[in-house]
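Notes follow the structure.
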Amino acid sequence: MNLEEVKAAEAELLLATYERNPILFVRGEGVYLIDENGERYLDLLSGIGVNALGYAHPAIETAIAQQSSRLIHLSNLFYHEGQAKLAERLTKAGGMDRAFFCNSGTEAMEAALKLARAYAGVRRSEGATLGTKFLALENSFHGRTMGSVAATHKAKYREPFDPVMPGVEFVRFNDVEDLKAKFSTDVCAIVLEAIQGEGGIRPVSKEFLATARELTQSTGALLIADEIQAGFGRTGKWFAYQHYGVQPDVATLAKPIAGGLPLGAVLCTNEAARAIHPGMHGTTFGGGPLACAVALAVLDTFENEQVLDHVTEIGTYFKGRLEQLAKKHDSVLDVRGLGLMLAIELNTAELAKEALNELLKRRIIVNRTSETVLRFLPPYILGKAHVDVLAEALDEILTGQTDGEAGAAQIAEGKQIG
Ligand SMILES: *Cc1c(COP(=O)(O)O)cnc(C)c1O
């Protein structure tokens, strides 16, 4: 099938959940995607923050080949070695005690929300005063199922499906007074992203996160860190909360952890884990042998190739180049983010839309979120040469030069690490 055929078939056959870009990809290689005509695209989005090691990474290919010849799926009624091995690495990285594996971000959030409700129940049975309410933040994104979408702020994601899970109240972003005012013993958990992703790459303030930690500690409520986008090395540390020196009770992971295969995880303390007993929660596919084996191969690669140090180094360089653009162009309002979770905010939604389209014309893939924000979630294996290509192209676009060629040659020849 070619692009037009796929487009026509999907328009007739699929639920209209996405407005896709009109490109048909057939394969990938390193930081590049390659379309049906053999054209290369520099991918600075990596799925949506999923393909941490880019495309066709040999470690992932090998892990899939080896594990798929042994065991792809096994129900959670029997043992395989993958979950224990992976739990050991993830809990150690996150300062946590226990893990639960599922298949996606929203499922990890559902498990975390259920854990908080169940834990509050246990505490009540022990005489504590603890309610069932959640506090989430304005501009948050936690997923699409009835629980996680209830904690997602944007009305268009929630309201068509009302009633979603009741009992969520939204706190103004980084407003410590609003947080204090809305917190009470009615609250079983505060849910937040240390760096909001969909919300426009917005880090919470140190004071806000510290206050959320103090308030929850004062009642025994849980602090749940949604690390689905910011976690697993994306910011140069294993977890974004580690930049703040704040340890949550529960953390959720998903997007990049199995190098492109679906896998989600909830990490928590032994104290919170007291609430969960056999039969209360589960999953058919979650934590299967194949996904776990690939996640372990991704972790081995991170270690062997010092990938987190690379994320910090290349992220600092990337942010520096964006800051240069901000100095030069009045249309750039802000540059935000850490590691390879970065954004540039432009002064109008029209300009952001135009920049996105111009970049795509130059075969550079980025994403627009929160109307005016260009978001970058590239593979962790990005090189300086790739950053330069993007920076030069953006410079031309923000200057109003729509026929520029910056980077075209480098992309066409598929330059890898620079
Ligand atoms: C993507 C995302 C989710 C939802 O993950 P899915 O795998 O799409 O269900 C939840 N929280 C954050 C912060 C995310 O970026």
Side-chain angles (χ1 to χ4, degrees), residues 15 17-18 45-52 94 100-116 134-154 156-158 161 164-165 168 170 173 189-204 209 212 223-235 238-241 243 248 250-267 283 285-288 291 294-295 336-343 366-370 373 375-378:
L15 285 190
T17 48
Y18 284 92
L45 190 57
S46 63
I48 303 178
V50 168
N51 301 311
F100 167 75
F101 293 105
C102 51
N103 306 286
S104 67
T106 200
E107 274 180 77
M109 289 310 301
E110 291 300 318
L113 298 172
K114 287 173 80 175
L115 175 63
F134 292 99
L135 294 183
L137 305 198
E138 291 190 356
N139 292 317
S140 61
F141 183 87
H142 297 295
R144 309 273 194 171
T145 48
M146 287 292 192
S148 66
V149 84
T152 292
H153 182 242
K154 214 184 260 176
K156 76 169 182 189
Y157 294 148
R158 269 184 295 117
F161 309 106
V164 296
M165 177 186 76
V168 180
F170 292 99
F173 186 72
I190 298 176
V191 186
L192 52 79
E193 302 153 84
I195 304 176
Q196 290 188 331
E198 294 294 313
I201 313 293
R202 289 175 210 279
V204 298
L209 193 53
L223 178 62
I224 302 174
D226 178 344
E227 293 272 337
I228 292 163
Q229 191 164 139
F232 206 68
R234 166 73 51 199
T235 66
W238 285 111
F239 292 84
Y241 57 75
H243 291 282
V250 181
T252 53
L253 285 172
K255 291 190 164 92
I257 72 175
L261 264 70
L263 182 65
V266 181
L267 307 177
T283 160
F285 286 111
V294 174
R336 291 190 293 271
L338 274 173
L340 288 175
M341 183 176 185
L342 295 171
V366 304
N367 169 252
R368 186 171 69 104
T369 186
S370 296
V373 178
R375 172 170 61 160
F376 309 100
L377 299 169

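Only a predicted model underlies this, so the values are computations on that prediction, with no experimental measurement involved. Counting starts at 1 for both ligands and their atoms, following the listed order.
- With sequence neighbours excluded, the residues that form a side-chain contact (heavy atoms from CB on, under 4.5 Å) with Val50 are Lys255.
- Using modelled atom types, one side-chain atom of Arg336 and one backbone atom of Ile201 make a donor-acceptor pair closer than 3.5 Å.
- For residues 189-204, the set of pairs meeting the side-chain hydrogen bond (donor to acceptor under 3.5 Å, both in side chains) definition, not counting sequence neighbours, comprises Glu198-Arg375.
- Neither the backbone nor the side chain of Gln196 has any atom closer than 4.0 Å to an atom of ligand 1 (non-hydrogen atoms only).
- For the pair Glu107 and ligand 1, the shortest N or O to N or O distance does not fall below 3.5 Å.
- At least one N or O atom of Gly105 sits closer than 3.5 Å to an N or O atom of ligand 1.
- Contact annotation: for His142 versus ligand 1, heavy atoms closer than 4.0 Å belong to the backbone alone.
- In terms of heavy atoms, Phe170 sits closest to Leu137 at CD2-O, 3.6 Å.
- Around CZ of Phe285, the count of heavy atoms belonging to other residues, nucleotides or ligands within 6.0 Å does not exceed 12.
- Looking at ligand 1, you'll find an N or O of Phe141 within less than 3.5 Å of one of its N or O atoms.
- Among protein heavy atoms, atom 9 (O) of ligand 1 sits closest to Thr106 N, 2.7 Å.
- Formation of a donor-acceptor pair under 3.5 Å by the Glu110 side chain with backbone atoms of Gly147 is found in this model.
- Within ligand 1, counting atoms from 1 as listed, the ones closer than 4.0 Å to a heavy atom of Asp226 are 10 (C), 11 (N), 12 (C), 13 (C).
- Across Pro378 and Leu340, no two heavy atoms sit closer than the pair CD-O, 3.4 Å.
- Closest heavy-atom approach to atom 14 (C) of ligand 1 within the set Lys255, Glu110, Glu193: this belongs to Lys255.
- A heavy-atom separation below 4.0 Å is not found between Met109 and ligand 1.
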